[in-house]
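Structure first, then comments.
Proteins get letters first, then strands, A, B, ... in listed order; numbering begins at 1 in each. Heavy-atom basis, side chains included; hydrogens, waters and symmetry copies ignored.
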Protein chains: 2
Amino acid sequence: MGTVGKAISLLELFTLDQPELGLSDLARRSGFDKATTRRLLVALTGHGFVEQDTATRLYRLGAGLSRLARIREARFPFVQTAVPLVRDLAVATAETVHLSEFGLDRLVTVHVEHPARANRVNVDIGQLLPLHSTASGLVYLAFARDEAVNSCLGGSLEAFTTHTLTEPAAIAHCMAEARERGYSICDQGLEEGVISVAAAILAADGFALGTIAVAAPKARTTPADIAQRGLAAVAAAREISMRLNGDNLQALRRQA
Amino acid sequence: MGTVGKAISLLELFTLDQPELGLSDLARRSGFDKATTRRLLVALTGHGFVEQDTATRLYRLGAGLSRLARIREARFPFVQTAVPLVRDLAVATAETVHLSEFGLDRLVTVHVEHPARANRVNVDIGQLLPLHSTASGLVYLAFARDEAVNSCLGGSLEAFTTHTLTEPAAIAHCMAEARERGYSICDQGLEEGVISVAAAILAADGFALGTIAVAAPKARTTPADIAQRGLAAVAAAREISMRLNGDNLQALRRQA
DNA sequence: GGACGTGGTTCATTATTTGAACCGTTATTT
DNA sequence: AAATAACGGTTCAAATAATGAACCACGTCC
């Protein structure tokens, strides 16, 4: 791995649960030498990608990241555009709704709305979702370029639960259904007891760029709930797609 | 400069005005060799920090940045907390209001609200503000740690206009006034014809972590406007500080 | 056709990164 | 209170990774 890759993987050790880490901790988790880790942290700090708490000497993600992310968001206001509709969907379904954007070979969770009830599915911002074992991933694949689909189905398909689909044919079938319905269903593919539906958000070229998903405890979910949530998710996704693409109807051709 | 520094300075070439850049362009602007530039871009792309448009082959900032920025924001919801108050202040003043966060040796503009009128001051998200020549910078210094102040006043103080204060004594005086009033005034320190006021947003330790500022064309600004905007900015900054620190009154001691 | 500007690649040379061992400090443990 | 361990941070010869001039292949404008 190159040096920049190491630096970035250092950044990726910071999570919602572990937002502040010490030098030794970072070295341990990354597997890099302490000296190396420190040199990378100094370089990152020098550009505002990490900050160090002067009192505790712990490191955390820096303001430079916010700056660049905001430049990106200003040009391509995905989250900004989608958040109100995510919120509406969360209110309408009274379940956890999360918004994801495709990046690299996974979906990145960029926004979450949790319902105000104790028993709910918990999703963290920043969480990375595999494509084959989540509702979001399946509907993404359903509306993705062939290359992306092949790349995913060609790779190793980890089974997270006994329900996870790992056969390319089964996944393709699931995708076809999602394409027809407009939304995907994933029954405990990533975690036991959780059932999710998701719809694709499309770019101007008609391919998926992200997803909006509703995740709920399976115990209290009826088939009717699934259908209702699915349609609501599709409506939200369509509205987000339209707002992003300036009502470019051509873009929605594939979803129609 | 180390390799990671080069990679990051490549990222910093992307701005609001130039959100997509080609390989040769990036090499030219950065001063790195084309091969080097490309290798860095590949490394960054591999971690989702930049994306390449498959059609145009242009590079742009990637989703990985949004992910990390959101992890940071989730732990420390500065922008999220402040935006409503920035908006209110923009409506109340009918002028441009911008929110900045300290990073490295400068203030980073992380949010802007422009008034709905033709003649207005324009501020871009991601813009970097020097400390000695902006209202935001001066009020930041007024509520900053001594080390930060010394580091700023000890460095070179560029004169952007004929009005820019470059004498450490003059700047210190301006800071003292700001500390007393609660807000700073900067009269054409960065650009001719623009007058700004700013108030500091304080962290739990009582030191500034960011600012909120109102910028307006000097031609239509009276002393009464200044005073009114200043007090409104202070009120907004205090409210943001309180919401961030959970009504920790101790934190506001220095501003009282 | 030819001159230029793209994006992208190669490989010997060169400069940077690496990591075991080190220091000083700060908790914990005995 | 002494001993131990863990922490953040530093050093420098050895190993490794980054570098860049020259190189394609492609498109485009005279």
In whole angstroms, how far is the [atom2] atom of [N] from the [atom1] atom of [X]?
X     : N      : atom1 : atom2 : answer
A:L41 : D:dG8  : CG    : P     : 10 Å
A:R28 : D:dG8  : CZ    : P     : 8 Å
B:L40 : D:dA18 : CG    : P     : 9 Å
B:L26 : C:dG8  : CG    : C1'   : 14 Å
A:L10 : C:dT18 : CG    : P     : 11 Å
B:M1  : C:dA15 : CE    : P     : 16 Å
A:D33 : D:dA14 : CG    : C1'   : 14 Å
A:D53 : D:dG9  : CG    : C1'   : 17 Å

Are B:R38 and C:dG8 close enough that a side-chain N or O sits under 4.0 Å from OP1 or OP2?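 Looking at the OP1 and OP2 atoms of C:dG8, one of them is under 4.0 Å from a side-chain N or O of B:R38.
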Using OP1 and OP2 only, check whether a side-chain N or O of A:Y59 sits under 4.0 Å from D:dG9. yes
Considering only [options], which nucleotide approaches the side chain of [X] most closely?
X     : options                : value
A:Q52 : D:dG8, D:dC7, C:dG8    : D:dG8
B:R57 : C:dT18, C:dT9, C:dG7   : C:dG7
B:K6  : D:dT19, C:dT18, D:dA21 : D:dT19

Please figure out whether B:L23 or A:R39 has its closest DNA chain C nucleotide nearer the 5' end.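 Upstream on the strand: B:L23.
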Nearest nucleotide by nearest heavy atom, which residue falls closer to the 5' end of DNA chain C, A:K34 or A:G31? A:G31
DNA chain D: 5'-proximal contact among A:G22 and A:G2 (nearest heavy atom):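 The answer here is A:G22.
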Both A:S24 and A:T3 contact DNA chain D. Taking the nearest nucleotide for each, which residue is further toward the 5' end? A:S24
Looking at A:E51 and B:R72, is there a salt bridge between them, counting it only when a charged N and a carboxylate O are closer than 4.0 Å?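 Yes.
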Candidate list A:L107, A:V149, A:D105, test side-chain contact (heavy atoms from CB on, under 4.5 Å), partner A:L131, passing option: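 Among A:L107, A:V149, A:D105, the one that satisfies the side-chain contact (heavy atoms from CB on, under 4.5 Å) with A:L131 is A:L107.
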A:F160 to A:P130 - nearest heavy-atom pair and separation: CE1-CG, 3.6 Å
Please report the closest heavy-atom contact between B:A200 and B:A237, naming both atoms and the distance.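 The answer is O-CB, 3.3 Å.
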Mark yes or no for whether B:E101, through its side chain, and B:G210, through its backbone, hold a donor-acceptor pair below 3.5 Å.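 Judged by distance alone, no pair lies under 3.5 Å.
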